[in-house]
Each structure stands twice: as structure tokens, then as C-alpha cells.
Student: 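Structure below; questions to follow.
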Amino acid sequence: MSAAPMREGSSANPPDGGALVRFIRRRPLVSFLLWAYTLGQVLPWLVVLTGLADRDRWMQGSVLVSTLIGLLMPALLITRTTDGRDGLRALWRRAVAVRVGPVWHAAALILVPALTLTIGVLIVGTSAEQSAGFLLTGLGTQFLLPLLITFVLINWWEGVAWTGFVQARLQDRHGALLAALTVAPLFALRYSPLVAGHGVMAGAAMLVLLAALAVPFRFALGWSYNRTGSLFLVGLLHAAGNPTAGGDGFNAGYLRDLYPHDTNVTMAHLMAKFLLGLLVVIATRGRLGHRRPGGPPAKHLEGTGSATPGTVEES
């Protein structure tokens with residue numbers, strides 16, 4: 001499953017090129033961030049500034065376009081520029097690596113939602129509506145459908161960009177823990193248009209809280225990627241909590257359907273991912289299953305494949 005990306009100066013990555021190409025090859029991560037926070041944020045901010053942010057469909061549509069143009073596209077194009085065709089193929093193979101073993105799929109589709117539901121119930125108490133028919137119906141329309149939508153349209157490609165491109169490169173230079181700590185606030189900052197309507201101070205506080213809650217989950221995502229080499233799994237783990245709590249922007253989400261008058265329940269998936277990440281970092285003693293390029297082989301779970309070594313590059 002692994003394939004080492006091509007280094008600068010190889011036959012797939014010739015040293016010639018214009019000033020822009022040379023800059024991208026020297027600073028792939030800086031190039032990605034410049035793209036992500038300028039071109040990649042134009043549409044969401046346009047929706048906010050034109051007063052369309054109150055219309056959920058406009059904002060969700062802008063987030064989708066921003067994900068594809070502002071995250072996936074630069075990750076693929078910069079990988080092609082820095083690592084050549086072989087590097088791009090290796091990244092795409094990790095993006096579509098579905099066969100990672102049933103334990104990993106169970107963790108994404110059962111463990112994360114179950115932990116989120118448990119925390120939701122602890123926050124707001126038992127739902128007044130407990131009929132089996134109501135609960136089972138909600139699983140289809142308020143969990144499985146939002147899960148499919150948010151995974152296929154957004155979280156899968158966020159995983160390719162943030163984990164497969166940014167975090168993977170950072171951890172080879174600075175280690176897995178520091179890479180996750182770095183990516184968490186960068187990931188949170190992408191949500192600035194979504195909190196802009198709450199005012200400067202409240203919006204800043206929300207972004208800080210999101211970044212803090214995201215740190216342990218970045219540990220968990222980094223660990224799952226290092227152990228399996230699958231960005232498909234990373235996206236699925238990310239997506240699994242959202243429909244359990246707050247939905248996908250179009251559908252309410254399972255807990256929101258059970259507790260329609262209590263918005264606090266939407267925090268359940270963030271708290272679940274926070275706890276999951278803490279367990280991972282404790283269990284792995286901060287190593288997160290990562291090894292530096294040229295280091296000793298990492299031990300992987302049977303049947304999960306192997307993690308893909310990243311490139312050591314300047315950021």
C-alpha cells in the first residue's frame with residue numbers, strides 16, 4: 001500500500017521550472033496554506049459578507065466547493081509538482097484504500113457513534129421519545145444518510161488534504177505529536193466563516209475551543225493513518241461523529257432529532273473525539289504509530305496494511 005514519494009531532482013520531478021514551481025517545490029506546505037486560506041476561502045466569506053450565511057444550504061454548498069477547490073485541489077496539484085506522477089499515484093492509492101480490516105471499520109461506524117450517543121445522553125438526559133420505531137427510523141434518515149453525505153462530499157477529501165498531505169509531511173520532520181498540534185489550529189481556522197456571525201470575540205473563542213478539542217482527535221487520525229495507510233479510513237472516522245450529533249447541514253443529525261430543543265447536544269461528537277484522541281495518545285505513549293523515514297519498521301495490526309512513509313521536505 002505504501003509508495004515513497006519522489007524527491008526533488010528525480011526523473012519524475014525535474015529541477016527546472018518557473019519561479020512559482022520552484023517556490024512550491026521548496027515550500028509545499030506554505031504553498032498549500034496560502035492557497036487554502038485565500039482562493040479556498042473566497043466562496044464561504046462571500047456567502048457571509050452578502051448576508052446569505054443564514055441560509056444553511058448556501059453555506060453548506062460553499063463549504064463543499066471550498067473543500068474541493070481549497071483543500072483537495074492544492075493537495076493533489078502540489079503533490080504532483082513536488083513528488084511527480086508516482087507521488088500523486090501513491091497519495092491517491094492511500095485515498096481509496098478501503099481494505100483496512102473489520103476492526104478499523106467497526107471503530108469508525110460503531111465506536112465513534114456509540115461514544116457520541118453516550119456522551120449526548122449524559123449531557124441532556126434520556127430522550128422523551130424512546131419508541132423502537134422512532135429510534136430505528138432515525139438511524140436511517142438522521143444518521144446513515146448524513147454520514148454518507150458528509151463523508152463522500154467533505155470529510156473524505158479533508159482527510160486527504162489535512163492528514164495525507166499536511167500532517168503526514170509535518171510528522172516526518174517534527175514528529176507525530178507536534179504535527180497534530182500544528183494541524184489542529186490550522187484546521188479550526190478554516191471554520192472562521194462559519195462563526196463570523198457571532199462577533200469577533202465570540203467567534204475567536206469558538207475557534208480556540210474548536211482547535212483545543214481538535215488536538216486529541218488529530219492524534220487519533222494520525223495514529224489510524226500511520227497504522228493503516230488509509231485516508232479513506234481517516235475520512236470515515238472524521239465523518240462518523242458529525243451525523244450522530246449535529247447532522248450534515250441538510251439533515252438534523254441523530255441526537256438533534258432526539259433532542260430538538262437542546263443545542264448543547266451538538267457538542268457530543270467533539271467531546272467523543274476529544275476522549276478518543278486522549279486514549280490513543282496515552283495508549284501509544286505519544287508515538288501514534290509513526291516512524292521517521294529510515295527508522296526501524298513499525299509494527300502494524302495484522303490485515304491492516306502498512307503506513308506510508310512521507311517525505312522530508314521544508315514547509
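Computed from a predicted model, the values in this text were never measured in an experiment.
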Student: Assess the residue pair Lys273 and Thr116 against the criterion (side chain to side chain contact (heavy atoms under 4.5 Å, CB included)); give the C-alpha distance rounded to whole Å, side-chain angles, the decisive distance to 0.1 Å, and a yes or no.
Tutor: CA-CA 8 Å; Lys273 293 173 180 179; Thr116 302; over 6 Å; no
Student: Could you go through the side chain to side chain contact (heavy atoms under 4.5 Å, CB included) check for Leu210 and Val195 one step at a time?
Tutor: CA-CA 11 Å; Leu210 177 59; Val195 302; over 6 Å; no
Student: Assign the ring pair Trp223 / Trp104 to parallel, tilted or perpendicular, where the plane angle (0 to 90°) is split at 30° and 60°.
Tutor: tilted
Student: Do you know the tightest heavy-atom contact between Ala161 and Leu72?
Tutor: CB-N, 4.5 Å
Student: Where the side chain of Trp157 meets the backbone of Val152, is there a donor-acceptor pair that is under 3.5 Å apart?
Tutor: yes
Student: Determine the minimum heavy-atom distance between Met271 and Ile119, stating which atoms define it.
Tutor: C-CD1, 3.9 Å
Student: For residues Leu88 and Ile69: do they belong to one hydrophobic cluster (side chain heavy atoms under 4.5 Å, members Ile, Leu, Val, Met, Phe, Trp, Tyr)?
Tutor: no
Student: Where do Val112 and Gly241 come nearest, in terms of heavy atoms and distance?
Tutor: CG1-N, 3.7 Å
Student: Between atom CG of Leu170 and atom CG of Leu177, what is the distance when rounded to the nearest 0.5 Å?
Tutor: 13.0 Å
Student: Check whether any side-chain heavy atom of Val21 lies under 4.5 Å from a side-chain heavy atom of Arg25, and answer yes or no.
Tutor: yes
Student: Grab the two heavy atoms, one from Gln41 and one from Pro193, that are nearest each other, plus how far apart they are.
Tutor: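 So the minimum-distance heavy-atom pair works out to NE2-CD, 3.6 Å.
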Student: Gln60 versus Leu153: any side-chain heavy-atom pair under 4.5 Å?
Tutor: no
Student: Check whether any side-chain heavy atom of Leu221 lies under 4.5 Å from a side-chain heavy atom of Trp162, and answer yes or no.
Tutor: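 Sidechains of Trp162 and Leu221: no contact.
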Student: How close do Gly159 and Leu231 get, heavy atom to heavy atom, and via which atoms?
Tutor: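 Minimum heavy-atom contact is O-CD2, 3.6 Å.
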Student: Which distance, rounded to the nearest 0.5 Å, do you find between the CG of Leu115 and the CZ of Phe274?
Tutor: 12.5 Å
Student: Is the closest side-chain heavy-atom distance between Leu213 and Met267 below 4.5 Å?
Tutor: yes
Student: Under a single-linkage definition using a 4.5 Å side-chain heavy-atom cutoff for Ile, Leu, Val, Met, Phe, Trp and Tyr, are Leu148 and Leu144 assigned to the same hydrophobic cluster?
Tutor: yes
Student: Heavy atoms, side chains only, cut-off 4.5 Å: are Ser192 and Leu207 in contact?
Tutor: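 Result yes, sub-4.5 Å side-chain heavy-atom pair found.
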Student: Under a 4.5 Å cut-off applied to non-hydrogen side-chain atoms, are Thr182 and Val166 in contact?
Tutor: no
Student: Atom CG of Leu237 and atom CG of Asn155: how far apart are they, to the nearest 0.5 Å?
Tutor: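 It is 10.5 Å, given to the nearest 0.5 Å.
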Student: Distance from Arg99 atom CZ to Ser230 atom OG, nearest 0.5 Å?
Tutor: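 If we round to the nearest 0.5 Å, Arg99:CZ and Ser230:OG are 12.0 Å apart.
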Student: Check whether any side-chain heavy atom of Leu178 sits under 4.5 Å from a side-chain heavy atom of Arg173, and report yes or no.
Tutor: no
Student: Quick one: closest heavy-atom pair of Ser224 and Val234, and the distance?
Tutor: OG-CG2, 3.8 Å
Student: Check the angle between the aromatic planes of Phe32 and Phe165 and answer parallel, tilted or perpendicular using the 30° and 60° thresholds.
Tutor: tilted
Student: Measuring only between side-chain heavy atoms, which start at C-beta, is His238 closer than 4.5 Å to Phe217?
Tutor: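 Side-chain contact under 4.5 Å: yes.
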Student: Is it possible for you to say whether Tyr191 and Leu43 belong to one hydrophobic cluster, with membership spreading through side-chain heavy-atom contacts below 4.5 Å?
Tutor: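 They do not share one cluster, since no chain of ILVMFWY contacts under 4.5 Å joins Tyr191 to Leu43.
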Student: Using side chain to side chain contact (heavy atoms under 4.5 Å, CB included), reason through Trp35 and Leu77 one step at a time and then give a plain yes or no.
Tutor: CA-CA 11 Å; Trp35 185 324; Leu77 292 180; 3.6 Å; yes
Student: Quick check against the 3.5 Å criterion: does Ser66 have a side-chain atom that pairs as donor or acceptor with the backbone of Val63?
Tutor: no
Student: Test side chain to side chain contact (heavy atoms under 4.5 Å, CB included) on Leu288 and Gln171 and set out the steps.
Tutor: CA-CA 10 Å; Leu288 307 184; Gln171 69 179 1; 5.9 Å; no
Student: Strictly by side chain to side chain donor-acceptor pair (under 3.5 Å), give each pair with a member in residues 207-221 just once, sequence neighbours left out.
Tutor: Thr163-Arg218, Gln167-Arg218
Student: About how many Å separate CZ of Arg80 and CZ of Arg89, when rounded to the nearest 0.5 Å?
Tutor: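 Result: 8.5 Å between the selected atoms.
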Student: Using modelled atom types only, decide if a donor and an acceptor are shared between the side chain of Trp45 and the backbone of Thr38 within a distance under 3.5 Å.
Tutor: no
Student: Taking a hydrophobic cluster as the set of Ile, Leu, Val, Met, Phe, Trp and Tyr residues connected by side-chain heavy atoms closer than 4.5 Å, whether directly or through intermediates, do Met73 and Ile154 fall within one such cluster?
Tutor: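 Different clusters.
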Student: For Arg94 and Tyr225, indicate whether the former's side chain and the latter's backbone hold a donor-acceptor pair under 3.5 Å.
Tutor: no
Student: Looking at Val98, is its backbone amide N or carbonyl O close enough to the side chain of His105 to form a donor-acceptor pair, meaning the two atoms are under 3.5 Å apart?
Tutor: yes
Student: Check for a donor-acceptor pair, side chain of Thr150 on one end and backbone N or O of Pro146 on the other, with a separation under 3.5 Å.
Tutor: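 Between the backbone of Pro146 and the side chain of Thr150 there is no qualifying donor-acceptor contact (under 3.5 Å).
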Student: Applying the 4.5 Å side-chain criterion to the ILVMFWY set and letting contacts propagate, would Leu194 and Val208 be lumped into a single cluster?
Tutor: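 No: no chain of side-chain contacts under 4.5 Å links Leu194 to Val208.
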Student: When rounded to the nearest 0.5 angstrom, what is the spacing between OG1 in Thr67 and CD in Glu158?
Tutor: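 The OG1 atom of Thr67 sits 5.0 Å away from the CD atom of Glu158.
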